[in-house]
Structures are given as structure tokens and as C-alpha cells.
Protein chains: 4
Amino acid sequence: MRQTKKSGDRFAKEPKQTRSRESLERLLTSAAKLLTEKKYSDFTLQEVSKVSNVSIGSIYNRFKGKDDLVRQIQQREVERMDIDSAVMINNLRRQQLPLRQLMPAVVHGFAEFLRKYRGILRALMEIAIVDEVVADTGRKHSVQNIGDYEKLLLECRDEITQPNPERAVNFVFRLVYASLSRYLGLGTVDESLEEGDWETLLDDLSDVSLHYLLGNPDQIRE
Amino acid sequence: MRQTKKSGDRFAKEPKQTRSRESLERLLTSAAKLLTEKKYSDFTLQEVSKVSNVSIGSIYNRFKGKDDLVRQIQQREVERMDIDSAVMINNLRRQQLPLRQLMPAVVHGFAEFLRKYRGILRALMEIAIVDEVVADTGRKHSVQNIGDYEKLLLECRDEITQPNPERAVNFVFRLVYASLSRYLGLGTVDESLEEGDWETLLDDLSDVSLHYLLGNPDQIRE
Amino acid sequence: MRQTKKSGDRFAKEPKQTRSRESLERLLTSAAKLLTEKKYSDFTLQEVSKVSNVSIGSIYNRFKGKDDLVRQIQQREVERMDIDSAVMINNLRRQQLPLRQLMPAVVHGFAEFLRKYRGILRALMEIAIVDEVVADTGRKHSVQNIGDYEKLLLECRDEITQPNPERAVNFVFRLVYASLSRYLGLGTVDESLEEGDWETLLDDLSDVSLHYLLGNPDQIRE
Amino acid sequence: MRQTKKSGDRFAKEPKQTRSRESLERLLTSAAKLLTEKKYSDFTLQEVSKVSNVSIGSIYNRFKGKDDLVRQIQQREVERMDIDSAVMINNLRRQQLPLRQLMPAVVHGFAEFLRKYRGILRALMEIAIVDEVVADTGRKHSVQNIGDYEKLLLECRDEITQPNPERAVNFVFRLVYASLSRYLGLGTVDESLEEGDWETLLDDLSDVSLHYLLGNPDQIRE
DNA sequence: GATGAATGAGGCTTCATTCAT
DNA sequence: AATGAATGAAGCCTCATTCAT
């Protein structure tokens with residue numbers, strides 16, 4: 001079977017690259033999966049090797065060590081999140097909603113976002129305790145992400161009754177973030193985890209946010 | 001292959017001899033201290049032994065193993081917190097404050113409480129990820145503690161405009177808890193940690209809570 | 001990225017119990033033996049553990065690591081050598097020999113000394129390349145040892161015809177040292193090793209030394 | 001396996017051979033350089049491949065393994081040294097110097113020679129410990145090289161007062177060799193390395209040699 | 001041939017737990 | 001009871017060598 005080399009050229013170097021690519025993909029995927037399933041101190045390269053069917057040596061051919069692997073995983077995941085987040089924010093912005101509708105939409109959107117990535121986020125937060133690089137990357141990503149949401153909410157600044165809308169929006173968003181994180185067990189499992197209903201929580205968060213942003217300050221003075 | 005550890009509520013033997021008591025005391029104190037200072041994976045019995053001047057053998061005479069030691073430490077700390085908490089709540093109750101003054105007082109009181117125990121709480125939360133017994137104990141303690149605060153707030157139920165005061169108070173308190181935990185880095189370090197001012201946060205939390213509890217539901221409807 | 005290792009003067013714990021003492025003894029002896037029999041890069045703790053019947057863990061209970069073990073071995077051997085050397089030098093000094101008899105005696109004595117310790121010396125010299133602490137200790141010991149021999153020879157300074165007896169003695173002793181080291185393969189095996197006769201070498205070294213120390217400088221000028 | 005071996009059309013391979021030659025050259029040169037810069041246990045094919053820009057696979061196509069590569073390097077270097085040495089010896093021979101001038105000239109020449117090749121010599125001596133083939137080659141080369149110097153010196157045999165000029169010259173040359181090697185750190189670093197002055201050492205070595213070769217044997221008898 | 005990804009044995013080290021004294 | 005030496009499984013990482021492309 002003689003083949004003309006014309007069409008074949010495209011694939012000339014493909015096979016090698018493909019095999020490599022595949023095993024790298026397997027490696028990163030398995031590693032990310034293990035990371036989300038375990039405590040970091042139980043996350044071992046031996047198991048990554050076993051589960052991904054990539055030898056220890058190969059892991060070390062591609063990454064400088066355990067730290068490096070974890071950081072690359074973080075990069076990959078953060079990039080995914082950024083895209084996801086950007087798409088969602090853009091969709092919300094297009095709708096030009098009033099705050100009363102935007103706030104619940106933002107809460108739901110952000111909540112879904114966190115829920116989708118809770119596994120890897122929890123893992124990365126744990127690692128951030130001991131790996132300053134992971135901490136930095138996470139911090140930068142988070143600040144940017146939160147900033148985007150705040151900018152979106154501030155497009156309704158005229159509706160906000162609080163004297164300092166920026167501050168108010170920032171505070172409210174942190175409130176939401178903290179509550180959701182806690183519910184999802186980001187930043188560690190803790191005692192009150194998962195009690196209550198997710199949808200109810202989201203509604204309550206929207207409510208409380210609107211009460212604060214749209215409220216009459218006199219109400220809470222004597 | 002590590003699973004969350006189950007089973008096992010036992011008590012350390014309570015030696016009546018003074019020397020024994022002292023060394024047990026030294027042991028628990030040093031261990032608790034180390035626990036708050038380190039990641040759990042860096043918390044080793046070897047170091048506990050060295051720092052507390054209690055031999056490894058003695059540790060194993062008193063405790064079944066590392067897990068058991070940690071659980072006993074948790075017991076001890078939780079009891080302390082319970083007392084602390086009870087005293088504070090009682091003091092607040094006595095004053096019979098209206099909600100507008102009670103809420104800030106509760107927020108400040110609870111905040112100080114969390115701040116005081118943040119070290120050990122962070123450690124225990126980390127351990128709770130892998131030790132089901134620690135998780136359970138923490139959960140129970142937390143539920144009870146939170147319940148006490150809620151009961152206190154509900155003594156002002158007549159002032160609350162939300163249709164379901166119990167639910168509203170419960171939600172608000174969780175909001176406060178989540179925000180404070182996040183600020184204090186309980187449940188792991190994360191990206192937005194420690195930015196902003198503590199006192200401002202407390203005031204904002206009081207404000208937002210009052211806006212919610214005392215607000216007019218119509219405000220947030222169209 | 002390997003650097004010469006610095007720092008570190010610590011001591012192995014000195015167990016008082018017999019069993020402990022014995023196993024430490026077994027450990028050090030086996031380790032020293034293996035060290036003399038192998039290239040340093042083939043000297044592994046696993047084998048030390050196997051040969052000495054002391055578990056890896058025990059090795060790490062007594063020594064901070066491989067480097068520390070090696071340094072402790074050096075200490076032990078150097079102390080032995082110092083004693084050996086001091087005794088021999090003292091014996092020679094007592095006899096108050098004239099240079100013509102002292103020189104051969106010194107050469108023979110020093111030669112025997114080196115021969116006795118050639119194994120461990122060769123090993124330590126190899127290690128000195130990568131471990132600055134071992135290098136320092138070796139250097140200090142060597143300088144002191146050589147100094148003692150030179151002082152002994154200088155007690156015959158009146159017989160020496162060279163204008164600067166100190167310099168001459170120092171040079172001659174280095175000559176002897178270099179030749180013996182080479183013969184014994186200290187400072188690595190090399191190509192001409194072991195050819196020729198040991199006794200003849202010693203006699204020749206004595207001769208050449210005496211020719212130099214007692215010679216007439218005019219002989220070598222035109 | 002369908003190779004028809006004809007003698008024709010071999011020119012087609014010329015360019016490839018050139019390229020091959022070049023990469024072999026690069027390989028050997030880089031490898032020799034790395035060898036002189038590192039401990040043998042830090043000399044890895046991985047790094048040779050990287051530095052020389054020759055793939056691991058190619059290295060294994062050309063050499064049977066690490067040992068073989070090292071042996072080929074030795075061959076190449078030894079040939080270079082032989083030429084260098086031969087040229088120098090021939091130059092000295094032409095001048096027909098008397099021993100009093102020849103000896104210093106030989107010492108200086110040989111010293112420069114060792115100094116020039118100290119890097120690779122040190123590396124090869126280290127390898128010789130574990131590779132008998134390298135040891136053999138080194139030994140043969142060394143014996144031949146030393147022999148040449150001795151023959152040169154023996155052209156002045158009439159001036160030598162020692163009863164057995166061959167033996168005396170042989171001994172003296174080994175003395176010189178040993179001292180220079182030690183000074184240059186060939187055959188490993190050791191404790192007294194590099195102290196003192198190079199030029200002074202060379203002069204002293206010439207002096208001591210002449211004292212021995214031209215001395216009066218009676219001087220050292222009673 | 002050339003390439004370099006893949007392999008895995010083997011080295012160092014840590015630490016929970018056991019056990020002789 | 002107290003002590004702490006002893007144990008060894010398990011983790012990280014390196015590098016000579018193999019093998020598919």
C-alpha cells in the first residue's frame with residue numbers, strides 16, 4: 001500500500017506527539033482528580049503514576065517534581081475557570097438587568113461557578129497553605145474574578161442607597177463568597193457543612209444583599 | 001488508601017498521681033500548641049514528645065495513638081470554649097438589650113470568641129477532613145454553640161420584621177459565622193484573607209444583619 | 001547542582017544501654033568497613049543497614065543522615081589515628097637518634113601509619129571532595145600530624161646543611177607523604193600503583209631525604 | 001533487511017557522514033568537558049545529551065553505554081597527551097643539556113604537562129577506581145610516558161653518581177610525579193592541597209633530584 | 001540512524017507504632 | 001508505668017537504559 005506523501009505530511013510528526021500528548025493528558029487529568037479526592041498529604045506521585053498509567057520517570061520528565069505538577073494543574077484549572085467566569089459575566093452584563101434581578105442572577109451564577117469547581121478549589125486552597133506560588137496564583141485569580149463581579153454589580157450603582165456603593169458592593173460580595181465557600185466546604189470541611197438547602201441559601205443571600213444595598217439606613221438606627 | 005477515620009470515643013486514663021497529672025497536662029498543652037502552629041501533616045508525635053518532655057512510650061501508654069491524642073485535645077479545647085461561650089452569652093442576656101444594640105454586641109462577642117480560638121479551630125478543622133470523629137465532635141459543638149446565640153437573638157423576636165424569625169436569625173448568624181471564619185482564615189488560608197479592617201467588618205456585619213432582620217420586605221420587591 | 005556540604009557539628013546520641021551500645025558499635029564498624037571497600041557513590045545506607053543488622057530507622061535515630069554518619073565515622077577514625085601517631089612519635093623522640101638514623105625511622109613509622117589506615121583514608125579523601133566538613137576535619141588533622149613529624153625531625157636541626165632547615169624539613173616530609181600516598185593509592189587509585197617494592201621505596205625515600213638535608217649545595221651547581 | 005551492498009553510489013552518504021562526525025565531535029568534547037567539571041557520580045548522560053545537543057538515542061547508537069563513552073573519551077584524551085608529551089620530550093632531547101640543566105627543564109616540562117591536563121586526569125583517575133578498563137589504559141599510558149622521561153634523563157647517565165642509574169632515575173621521576181600529582185590534586189583532593197608556591201615546588205623538586213642523582217653516597221652513611 | 005519519551009530499580013529520608021529494658 | 005531505641009512501609013526523586021516513532 002503505497003501512499004502518496006502529500007496528505008501524509010500533515011501527520012508526519014503526529015504519532016509521537018499524539019502518544020505524548022495523550023499520556024500527558026491522562027496524567028494531568030488523573031492527578032487533578034486525585035487531588036480533589038484526597039487530602040494533599042495523601043496525594044502521592046506513586047498513586048498518580050498508578051492511576052494514570054504513566055511511570056514515575058515520565059512524570060519527572062515532564063515536571064520538576066511534585067510541586068511543579070501541582071502548579072501546572074493549578075494553571076490549567078485556573079485558565080478554565082477564567083474562561084467560564086468571563087463567559088458568564090458577559091452574558092449577565094448583556095441583559096442589563098436592574099439590581100433586583102441582577103443580584104439573584106449574580107448569586108446564582110457565582111454559586112454555580114463555585115459549585116462546579118469546588119473540588120479543585122478546595123484542594124488548591126489546602127495546598128496554598130504550604131506553597132506560596134500556588135497561594136499567589138490563587139490570590140491573583142480570585143481578586144480578578146471578584147473584581148469582575150463587583151464591576152458588574154456597580155453598573156447598577158444608581159440604585160444603591162448605601163453612601164459608598166463601591167464599599168457596599170465589595171462587602172456584599174465577600175459576604176456571598178464567604179457563605180458559599182462555607183456551604184461548599186471550600187476552605188476546608190467544617191462543622192455546619194451542607195445543612196440546609198442550597199436553593200434557599202441562594203435566595204437568602206440575594207435577599208440579604210438587596211436589603212443591604214437598597215435599604216434605608218435609618219431603619220437600623222434607633 | 002486513607003479513609004476518614006471512624007469509631008472510637010475513649011478517654012485517657014485519669015491518673016491521680018501528681019507527677020502523672022503534670023506530665024499529662026504538659027503533654028496536652030504542648031501538643032495543642034504544636035497543633036496550632038503547624039500543618040497537621042507536620043505535627044508528629046516525635047516532636048510532641050520532645051517539646052513536652054514526655055516520652056513516646058508514655059504517650060502510647062495514655063493514648064491509643066495519634067488520632068486518639070488529637071481527639072482528646074479536641075475534647076479539652078471544646079470544653080474550654082463551651083465555658084467561655086456560655087459565660088459571654090449569659091452576660092449579654094442579662095443586659096436585655098434591644099436588637100439594634102444586641103446584634104452588634106453578639107457580633108463583637110462571637111468575633112472575639114472565634115479570634116481567641118482561631119489557632120486550634122483551624123487545626124481541628126483541618127483534621128476533621130480526615131478524622132470523622134473529630135468532625136462529628138466539632139459539628140456537635142458548633143451546632144450547640146450557634147444555637148445558643150440564636151436563642152439569645154430570638155429573645156428579640158418581636159422586633160424582627162422577617163416572616164419567619166427563627167429562619168431569619170439562623171441565616172443571619174450563619175452569614176456572620178461564614179464571614180468571620182473566612183476573615184480569620186478558619187477553614188484554610190485563602191486568597192482574600194486579611195484584607196480590610198477587622199472593626200469595619202464587624203460593623204458591616206451588624207449593619208447587614210439589622211438591615212435584613214429589621215428591613216421592609218417590600219423594599220426588595222419590584 | 002551539587003555543592004560542597006557545609007555546616008554541622010553534632011554528635012550521635014550516646015546510648016548508655018548495652019544493647020544500644022552494641023548496635024551502635026556494629027553500625028559504625030560495618031559502615032566504616034563498607035566505606036573502605038567501596039566508592040562513596042556505592043556506599044548506601046541500605047547496605048549499611050543490611051550488613052550491620054541495624055534498621056534504617058535506627059540509623060536515622062542516631063545520625064541526622066548519611067552525611068552525619070560519615071562525619072561521625074571520620075571523627076572516630078581520626079581520634080584513633082591521633083593516638084596511634086602520638087605514641088609512635090613519642091617513642092621515636094625518646095631514642096634521641098641522629099638524623100641519619102631518625103630519618104629512616106620516621107619514614108618507616110609514617111609509612112606504617114599510612115598503610116594501616118589506607119582504607120579509611122582513601123575513603124575520607126574521596127568524600128572530602130563533596131563534603132566540606134569532612135575536608136576541613138581531614139585537613140586539620142593532617143596539618144597537625146605532619147607538624148608533629150616535622151618538629152621531631154627539627155630536633156636534629158644542627159645536622160641539616162640546608163640554609164633554611166624548617167623549609168627543608170617541610171619539603172622533605174611532603175615529598176615522603178606524596179610518594180607514600182601515591183604508592184598506597186591514597187588520593188585515588190592511579191596508574192603506577194603498587195609497582196615496585198615497598199621496602200625499597202622506604203629506603204629510597206630515606207636516602208633521598210638525607211641527600212637533600214645533609215647534602216652540599218655546591219654539588220648541584222655547575 | 002533488504003540491503004544490497006554495492007560499492008557504488010557511496011557519495012550520497014558523505015554529507016550525512018559529515019553531520020555525524022560533527023555531532024560525534026560535539027558529543028565527545030562536551031562530555032570531556034563535563035567530566036572535568038564534575039564528580040563522576042554527577043556526570044550523567046542526560047546532561048551530556050543536553051549540553052552537546054546530541055540525543056540520548058544517538059549516544060546509545062554510537063556507544064554501548066556510559067562506560068563505553070567514558071572509555072572512548074579516555075582514548076581521545078590519551079592520544080592528545082601522547083602527542084603533546086612526545087613533542088616536548090623531543091624538544092628537550094635536541095638541546096643536549098647537562099643533567100644540572102636538564103633536570104629542572106624536565107621537571108618544569110612535566111609539571112606543565114600535568115597542569116594542562118589535570119582536569120581530565122583527575123576525572124579519569126576517579127573513574128579508574130571502578131572501571132578496570134580505564135584503569136588499564138591509564139596505567140599503560142602512564143608507564144610509557146614516564147618511560148620516555150626516564151630515557152631522556154638517562155642520556156646523562158654518565159653524570160649520575162648513584163650506583164644504579166636506571167633505578168635512581170626511575171625513583172626520582174616517581175618522586176616528582178607523586179609530588180606534582182599531590183599538589184595538583186590529581187588523585188583526589190586532600191588535606192595539604194595547594195599550600196605553598198608552585199614555582200618553589202618545582203625548584204625544590206629539581207634540587208632534591210639533583211642532590212640525589214649527583215650526591216655522594218658517603219654523605220649519608222655515618 | 002536519529003530522536004526523546006518512557007521505564008523502574010534503587011537511593012535517601014520520615015514517622016507512626018512496637019517492644020525490650 | 002516510664003522510657004526511648006528499633007522497626008519498616010512508604011514517599012520523593014535520579015538516571016542508565018530501552019523502544020516506539
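Order of the sequence lines sets the chain letters (A, B, ...), proteins ahead of strands, with each chain counted from 1.
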Using side chain to side chain donor-acceptor pair (under 3.5 Å) as the criterion, list what pairs up with D/Glu77, not counting sequence neighbours. none
Whether D/Gln46 contacts F/dT14 is assessed here as follows: a side-chain N or O lying under 4.0 Å from the phosphate OP1 or OP2. Is that the case? no
Could you tell me how far apart B/Arg26 (CZ) and F/dA2 (C1') are, to the nearest whole angstrom? 12 Å
What is the separation between atom CG on C/Leu27 and atom P on F/dA6, rounded to the nearest whole Å? 9 Å
If you draw the axis of the six-membered ring of B/Phe43, does the NZ or CZ of B/Lys66 fall within 45° of it and under 6.0 Å from the ring centre? no
Measure the OG1-CD1 distance between D/Thr44 and D/Ile56 for me, rounded to the nearest 0.5 Å. 7.5 Å
Starting the side chain at C-beta, find the nucleotide from E/dA16, F/dT17, F/dA6 nearest to D/Lys66. F/dT17
Atom NZ of A/Lys38 and atom P of F/dA10: how far apart are they, to the nearest Å? 13 Å
Output the rounded distance in Å from NZ (D/Lys50) to P (F/dT14). 12 Å
Identify the two heavy atoms, one from C/Gln72 and one from C/Phe63, that lie closest to each other, and give their separation to 0.1 Å. CG-CE2, 3.4 Å
DNA chain F base-pair string [pairs: Watson-Crick or G-U under 3.5 Å; |: paired with another strand]: .||||||||||||||||||||
Validation: residues 127-136 of chain D side-chain donor-acceptor distances under 3.5 Å, sequence neighbours left out:
residue	atom	partner	partner atom	Å
D/Asp131	OD1	D/Arg71	NE	3.4
D/Asp131	OD1	D/Arg71	NH2	3.1
D/Asp131	OD1	D/Val133	N	2.9
D/Asp131	OD1	D/Val134	N	3.3
D/Asp131	OD2	D/Arg71	NE	3.0
D/Asp131	OD2	D/Arg71	NH2	3.1
D/Glu132	OE2	D/Arg139	NH2	3.1
D/Asp136	OD1	D/Arg139	NH2	2.9

Which residue lies more 5' along DNA chain F, comparing A/Thr44 with D/Asp67 via nearest heavy atoms: A/Thr44
Measure from the side-chain N and O atoms of C/Ser30 to the backbone N and O of C/Leu27, and report whether any donor-acceptor pair falls under 3.5 Å. no
All salt bridge (Lys or Arg N to Asp or Glu O under 4.0 Å) counterparts of C/Arg76, not counting sequence neighbours: C/Glu25
In whole Å, what is the span from the CZ atom of A/Phe43 to the C1' atom of F/dA10? 16 Å
Any donor-acceptor pair under 3.5 Å from B/Ser23 side chain to B/Ser20 backbone: yes
Does any residue of residues 52-65 of chain D have a heavy atom under 4.0 Å from DNA chain E, and if so, which ones, in number order? D/Ser55, D/Ile56, D/Gly57, D/Ser58, D/Asn61, D/Arg62
So what does A/Ser23 touch, heavy atoms closer than 4.0 Å: a base, only the sugar-phosphate, or nothing? sugar-phosphate
Can you list everything that forms a side chain to side chain donor-acceptor pair (under 3.5 Å) with D/Ser58? Sequence neighbours excluded, please. D/Ser55
In this structure, how many angstroms lie between the P atom of E/dT14 and the OH atom of B/Tyr40, rounded? 19 Å
Separation of E/dC12 P from C/Glu47 CD (nearest whole Å): 10 Å
Rounded to whole Å, please give me the gap between CD in A/Glu25 and P in E/dA5. 17 Å
